[in-house]
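Comments concern the structure below.
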4 protein chains.
Amino acid sequence: MTDYIWKKASSQAVDERVMRFLAGDDVVLDRELLVYDIQASQAHARGLARIGVLTSEQANKMVESMNRLRAAFEAGDFLLDGRFEDGHSAIEAWLTDELGEIGGRIHAGRSRNDQVAVALRLYMKERLRTLASQCGVIAEVCLVRAEAEADHVIPGHTHLQQAMPSSLGLWWAGHAEAFVDNAALAWRIRDWLDASPLGTASGFGVNFPLDRDGVAEELGFPRLVVNPQYAQNSRGKTELRALDALAAATGDLRRLSWDLSLFASQEFGYLEVPAAFCTGSSIMPNKLNPDTVELLRSLHATIVGARGELEAVLSLPSGYQRDLQDTKPPLIRAFSRGLAGLALVPALLDGVQWNRQRLRKAVSPGMHATDLANEQVQQGRSFREAYRAAAAQLDSLAERRPEDSLEARVSPGGARNLLLDRLKARLQGLGKDRR
Amino acid sequence: MTDYIWKKASSQAVDERVMRFLAGDDVVLDRELLVYDIQASQAHARGLARIGVLTSEQANKMVESMNRLRAAFEAGDFLLDGRFEDGHSAIEAWLTDELGEIGGRIHAGRSRNDQVAVALRLYMKERLRTLASQCGVIAEVCLVRAEAEADHVIPGHTHLQQAMPSSLGLWWAGHAEAFVDNAALAWRIRDWLDASPLGTASGFGVNFPLDRDGVAEELGFPRLVVNPQYAQNSRGKTELRALDALAAATGDLRRLSWDLSLFASQEFGYLEVPAAFCTGSSIMPNKLNPDTVELLRSLHATIVGARGELEAVLSLPSGYQRDLQDTKPPLIRAFSRGLAGLALVPALLDGVQWNRQRLRKAVSPGMHATDLANEQVQQGRSFREAYRAAAAQLDSLAERRPEDSLEARVSPGGARNLLLDRLKARLQGLGKDRR
Amino acid sequence: MTDYIWKKASSQAVDERVMRFLAGDDVVLDRELLVYDIQASQAHARGLARIGVLTSEQANKMVESMNRLRAAFEAGDFLLDGRFEDGHSAIEAWLTDELGEIGGRIHAGRSRNDQVAVALRLYMKERLRTLASQCGVIAEVCLVRAEAEADHVIPGHTHLQQAMPSSLGLWWAGHAEAFVDNAALAWRIRDWLDASPLGTASGFGVNFPLDRDGVAEELGFPRLVVNPQYAQNSRGKTELRALDALAAATGDLRRLSWDLSLFASQEFGYLEVPAAFCTGSSIMPNKLNPDTVELLRSLHATIVGARGELEAVLSLPSGYQRDLQDTKPPLIRAFSRGLAGLALVPALLDGVQWNRQRLRKAVSPGMHATDLANEQVQQGRSFREAYRAAAAQLDSLAERRPEDSLEARVSPGGARNLLLDRLKARLQGLGKDRR
Amino acid sequence: MTDYIWKKASSQAVDERVMRFLAGDDVVLDRELLVYDIQASQAHARGLARIGVLTSEQANKMVESMNRLRAAFEAGDFLLDGRFEDGHSAIEAWLTDELGEIGGRIHAGRSRNDQVAVALRLYMKERLRTLASQCGVIAEVCLVRAEAEADHVIPGHTHLQQAMPSSLGLWWAGHAEAFVDNAALAWRIRDWLDASPLGTASGFGVNFPLDRDGVAEELGFPRLVVNPQYAQNSRGKTELRALDALAAATGDLRRLSWDLSLFASQEFGYLEVPAAFCTGSSIMPNKLNPDTVELLRSLHATIVGARGELEAVLSLPSGYQRDLQDTKPPLIRAFSRGLAGLALVPALLDGVQWNRQRLRKAVSPGMHATDLANEQVQQGRSFREAYRAAAAQLDSLAERRPEDSLEARVSPGGARNLLLDRLKARLQGLGKDRR
């Protein structure tokens, strides 16, 4: 495969360093894309048969050959490595090896440009579905714990200052709703980009009446990226939106990790991170550090960086430019690391142990002042007046029990009215309206 | 209004510079939010009346007083400026001025935290609807011109190198589809964030049975942000998603502006930017520069910067932190400048004049090579073989007419099969399934 | 001034909205640049006189007229507002008003392009000097407190977990060194960009033998930006480096603010933020929140956003493009807000009050384990062996006093050997080798 | 090496996926750092001997053993891979294997925290020196070509519009000065971060009188990072500044690549990119695309992304947090790819072939208008008047020769006065004042 089929005589002298720079990690990244490239190539072959560019027999042979390639790749018998320029070349090389001249026909009516575009769309659809599913599982763990620990008192904070009594139920439900929202967003973005660019070739269409609709349907796309120029111009843009959905989840994970990290400090002492998620220190024998929590906090930075990298590629005029090859590494890096991190969260959350006594003791009398003000409002005072009155009576609050405060917190979503059923119903709705 | 109602004795000495730093441009930014804040405050007042915290009469007085405030503000008779800490204080001050003690009751059962959250959601919903609408108009202009100029030849480029004959129709339709996608995304994000945080107070709920559902319905929200903690934790996150939708549009505008900028150079000489969008040089008497096109290209940078600013605020634990005040400036700056720029695009595109002769003459014989290869494929050769054969026969292409090439480009989306109806139908569908 | 001097007949119809979009906030931003523009224009006039393009008398009249403009501007008698396209036009308009035809001669041998470039360089030099000075003052406050509180015990953290006994001296000295480094960086960047672009006109030079060296010297630049193309191509690049220096300082301020924010929580309870830097809550009568600390933490986000905005403008070919106008707003916004924030830090740090008893009590016995291991190392054990041994003897540490631990921390930079003199000397050195 | 020396009993159950997530690509990245880690470990061993914690013999054995490790690593006989947690563990494991119990003594008086900090500083110093050197070579190629092609006419552009006649000399010299500036910046940043953090342990110092100054001197550091807390807090900050310097170079490379990309289009037709830097198309037989130029343009995006990733990690309180591990991947990725790209530039520039005839013919009469205006200024007209007059006489310019225009462009830095010697002298000065 060192004889690249479209290499020109004039570029024979291409220096080794240039080739390495041009290739980058492309072939390694394409390991993540190969199965989607095969899937699309098979649909393309069948489509070519439907319009008579291939015979049915030729198409079938190709499809079967690619089935064998997929099996070999998944079994580890076929290694996608530096022998190939990229995954696209590897498929064609395999077909030519197995089928001879027929193999070369797979590229009729398409270009690497739409080939990579369709593989990336299939990849993103799959990863966004996984993302939605992972967010759903995280939300479920939070909902289970919210229900189980609905009544346990914790000090609620704003400005990192103790504010009002709150409950573990409210804390868990808050994180649950975040991940319900994230799952909803992942589905929305997935549906938005669910369109097939295959059959747009290098950005100008071809002089065959390709059956683009049929091919798209076979691949599970409900519609086409209609325009060939937009099939190229949407590269990077689509990837950015997929990363937006991922970033919503890792951003909320950062917030959750901040809570865990603070609460696990000796000064807060509110919880213990499960030991399986901790490691020791190389110099301090007394330490057991919540390293996983910290790396889940910094995980978002990987996505932020990937977004920024993609974004910075895209200041370009219309049509394919080689710059667009550089959209692959950040996309794949972000989803690989991002989903690996999110996958750890359910077990982590499941294992968190609260120091309930400490949580309850941390609630100080002053935290009842807002309740006091609100009670006076219910007795007819204006809030501003009640506020000032309460500020003057902070001493009177020493006898109040935080449990009573929670008991009265009846506004929808509040500690006594968490509306967990609504969150559950919304989450289930997301799953239900699709396969 | 210099006597901030929640200022403590202990902070009396607050130094002027600190106050200025704390305030930032908040009160100026709140000019964009005031009408939403009023709208939400009116719904809140009615909601308080429904649960008996206010009498109907009190609520009505408040609603009417706020109607007057809104009218005065829109007429320019009420100026939101440095006399007020922010828009929220201004409303309360107005109410207290007009209604006396009753005015102070408006803050019962809410906090500035959920007040700003709901105003921001209403603001984003409105701006995203405007964005969707602007994208739709841009798409329409492109579709009209695509239809009118469907057959005109242009050289198609990849790698900024001449590649294959293409058409003005394909070029316009490509930009049209981009903005159809952008309108679709704006609607999706708008719907995703269409939930009411009002009634969550400072992040813990309150000890009133607030009618959150009724208030939400009155404000046009189909659902609640259920959880009070998430109402705070979603600040910034929601704004980022709104900016994502805006960035999709300005990013495509950047690509379109690149095309216009290149095509307007003397070297390309493909088009003329309407003079109304150009200015002269301060030193070179011969110049007429397409400045508007360049600033529409750099417009995206404003959104990128705003996203980055917002993103960098959000590494925080749960609950309201004052850092979140800094999410307002980038959001409002981005939408103000972004929508102002997008609003210029329809007239600009409408006025673009193509140099058709030059476009046609720019198509060189070599650009027909792909057609030649594809024709041989249809006669039974493998694409790879046909490719090599065509590369050897570039000289034979001198007689070919680009119009014939376009005529044969029948693949769906190609020059002879632009499928403009599908794009139109999709665009109209976006408008139709909502008010 | 609505008759822009380089407006062409063909653009007479320029639509109001286009003009507004083109202008942006340019004229408001130019308020920050006007004095530098005047200063450079005066040097330019004198330079023109030296090569005979102006007479000495003409140049003197111009210089004096601009002195009056500067005085009027600084007194508030001359307002730079929407009557002018930008500050450059305003100067020329003033000169023409005062001097008639002579005023129009100021633009000989220059363009708005090098005019804005030189004004921006002067602006950045001044702001970087202020930055260096502010960082120096912050470092000094830290050094004073480090010396005064050198011996006070605090629990040292890694991973937000208690690690080893440490001292207030070490904490303060750590922040001091950060700001010494930041001052050093600000000077380095200032010197790096200390070169005059004036006299490069629109990027191609002019057909006068301008005395660029003389003009540069008069303006305090030790060297030229030699090449006219680079004078344009370095726009944005130079600004980014100035923001890098600012970001180093605000980034460290974020870290410092995080410490203060955590330490001020009830759970840590290590310090109190001075009341002048706090505000109350709109709903919770018991709260006093360290809002200033939080906004100093999020201040860095403003710089990050500005950097990203500038960065996103710069994907351009050589020469001036109008896109570059969009480098001004982020630069000026970042320095205005950034320096305003940094200016509050000395008083804030000066006012921080430690709860020394609580700090000392927070040191738990296990924090002495590293000392124990290190002692065994000094008695000949391998560190790894000693580490395991210490981990097994955590119980034995209950009797240890943290003061003894600090007393033994003799490694250079450690609690007993803070080397404050080195930090002071480095800071003074920065100041000394320049005016 | 699966028995991590600081693993606790309680974390025995650490799940495989957690370990993989914690490890990330750390051990692979450490291949870039291992030689620096060895170098610093050797100096640390000698330093321990000087204060009696090791005997001279022990230290010598360690140093020799690490010499063997370095040789084995460089010969490919020692592979740093998943058997090790990271490079630091690998060194200790090697020492223990070779020297038994003595090997374990290397960790006395240090922590992984300062070990990685010092390795990173050494790595950055080396990479910044390479960067400076590469920028110098690029500048030299540009200077050679500027001299050789000083008189060749090209159309000068602003706003991508033809503006004034310019010269290849001016174009090359402009890019030369950019890279002189970049080399200067790389040296400045290198010197700024040239300080040793070794001997600060985990951020609190140790109870040994470490000879930090001696160790620093041996490693070539002119000064210490004095404070142990700042040794940790400067992680990420220092890396960002190193990336700033790299980004200055790749940013200018982007601009240069834009020029090449535009000039290589058929529409401009100004130059040919050497074939060795081009590749063909998979579908279009007529294409030869300047792919390398495009990937050198998008190279900057890699650095932008890495900066953003690093930046997003750093919102943290003082002291080491595990999040900081995530600063390594972006730093190393950026320098690896960035320097590989920059290394291609000299040969690329050397091989660029100009189409001189086409360049000259592209200069149109109107481009002489500024000259005309300036000539009238020299005859006593005001510039504004001359400007209007020239605008009215554009027809009179048809006879002018661009060579004459260049001949008169005598302002310093202009086409007739490029001041290449100043640029050369500055470049040589950078090299000279250091080893």
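Every heavy atom of this structure was used, including side-chain atoms; hydrogens, water molecules and symmetry mates were not. Protein chains get the first letters and strands the later ones, always in sequence-line order, with residue 1 at the start of each.
- Taking each heavy atom of A:Gly413 and B:Pro228 in turn, the nearest pair found is O-CD, 3.0 Å.
- Chosen from A:Gly251, A:Ala248, A:Gly236, A:Gly199, the residue pairing most often with chain B at heavy-atom distances under 4.5 Å is A:Ala248.
- Only the backbone of A:Gln232 has a heavy atom closer than 4.5 Å to any heavy atom of chain B.
- For B:His157, the part lying under 4.5 angstrom from a heavy atom of chain A is the backbone only.
- In this structure a side-chain-to-backbone donor-acceptor pair under 3.5 Å is missing from A:Arg409 to B:Val206.
- Of the atoms belonging to A:Arg381, it is backbone heavy atoms, and not side-chain ones, that fall under 4.5 Å from chain B.
- Each of B:Arg322, B:Arg241, B:Arg297 has some count of heavy-atom pairs under 4.5 Å with chain A, and the biggest count is that of B:Arg241.
- Residue contact with chain A, scored on non-hydrogen atoms closer than 4.5 Å, involves the side chain of B:Ile189 exclusively.
- Partners of A:Phe208 according to the ring pair (Phe, Tyr, Trp, His ring centres under 6.0 Å) rule, which considers only residues two or more places apart in sequence or in another chain, do not exist here.
- Under the 4.0 Å criterion applied to side-chain N and carboxylate O atoms, B:Glu311 and A:Arg254 are assigned as salt-bridge partners.
- Under the 3.5 Å distance criterion, the side-chain polar atoms of A:Asn227 are left unmatched by any main-chain donor or acceptor of B:Leu418.
- Although no hydrogens or angles enter the test, the distance criterion places a donor-acceptor pair under 3.5 Å between the side chain of B:Asp259 and the main chain of A:Ser318.
- The candidate from B:Thr200, B:Leu419, B:Asp213 with the greatest count of non-hydrogen atom pairs under 4.5 Å with chain A is B:Asp213.
- For a residue to count as touching a neighbouring chain, one of its non-hydrogen atoms must lie under 4.5 Å from one of that chain's; by this rule A:Asp323 does not touch chain B.
- Contacts with chain A were tallied for B:Val53, B:Val377, B:Leu316; B:Leu316 has the most, counting heavy-atom pairs under 4.5 Å.
- Under the 3.5 Å distance criterion, the side-chain polar atoms of B:Gln321 are matched with a main-chain donor or acceptor of A:Leu160.
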- Item | Criterion side-chain contact (heavy atoms from CB on, under 4.5 Å) on B:Lys237 and A:Asp181, from CA distance to verdict | CA-CA 11 Å; B:Lys237 170 189 180 179; A:Asp181 248 19; 3.9 Å; yes

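- Heavy-atom pairs under 4.5 Å with chain B peak, among A:Thr158, A:Asp371, A:Leu210, A:Asp244, at A:Asp244.
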- Give the intermediate values and the outcome of side-chain contact (heavy atoms from CB on, under 4.5 Å) for residues B:Asp191 and A:Arg188. CA-CA 10 Å; B:Asp191 291 351; A:Arg188 275 173 191 273; 3.5 Å; yes

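- Between chain A and the options B:Gly174, B:Ser315, B:Ser405, heavy-atom pairs under 4.5 Å are most frequent for B:Ser315.
- Proximity to chain A involves both the backbone and the side chain of B:Leu314, based on heavy atoms less than 4.5 angstrom apart.
- Both the backbone and the side chain of A:Leu224 come within contact range of chain B, judged by heavy atoms closer than 4.5 Å.
- Contact count against chain A (heavy-atom pairs under 4.5 Å) is highest for B:Ser411 among B:Ser411, B:Ala415, B:Gly319.
- If you measure heavy-atom distances from A:Val225 to chain B, the contacts under 4.5 Å come from both the backbone and the side chain.
- In this structure, A:His300 has no ring pair (Phe, Tyr, Trp, His ring centres under 6.0 Å) partners at least two apart in sequence or on a different chain.
- Heavy atoms of A:Val304 lying under 4.5 Å from chain B belong exclusively to its side chain.
- Considering only heavy-atom pairs separated by less than 4.5 Å from chain B, the leading option among A:Pro317, A:Gly205, A:Ser167, A:Gly414 is A:Pro317.
- How far CH2 of B:Trp192 is from CG of A:Asn182: 7.0 Å, rounded to the nearest 0.5 Å.
- Of the possible polar contacts, one joining the A:Arg105 side chain to the B:Gly380 backbone as a donor-acceptor pair under 3.5 Å is found.
- Each of A:Glu375, A:Arg307, A:His175 has some count of heavy-atom pairs under 4.5 Å with chain B, and the biggest count is that of A:Arg307.
- For A:Arg255 (side chain) and B:Asn233 (main-chain N/O), a donor-acceptor pair under 3.5 Å exists by modelled atom type.
- Of the listed residues A:Ala173, A:Gly308, A:Ser166, the one with more heavy-atom pairs under 4.5 angstrom with chain B than any other is A:Ala173.
- With rounding to the nearest 0.5 Å, the separation of CG in A:Leu324 from NE2 in B:His159 is 9.5 Å.
- B:Arg416 does not touch chain A: none of its heavy atoms, backbone or side chain, sits under 4.5 Å away.
- Contact record, A:Val226 with B:Glu177: N-OE2, 2.8 Å, taken as the closest heavy-atom pair.
- Considering all non-hydrogen atoms of both residues, A:Met164 and B:Phe204 come closest at SD-CD1, 3.9 Å.
- Annotation: maximal heavy-atom pairing with chain A below 4.5 Å, among B:Asp252, B:Ile102, B:Leu406, occurs at B:Asp252.
- Looking at A:Leu423, only its side chain comes within 4.5 Å of chain B, counting heavy atoms on both sides.
- For A:Ala163, the part sitting under 4.5 Å from any heavy atom of chain B is the side chain, from C-beta outward, and nothing else.
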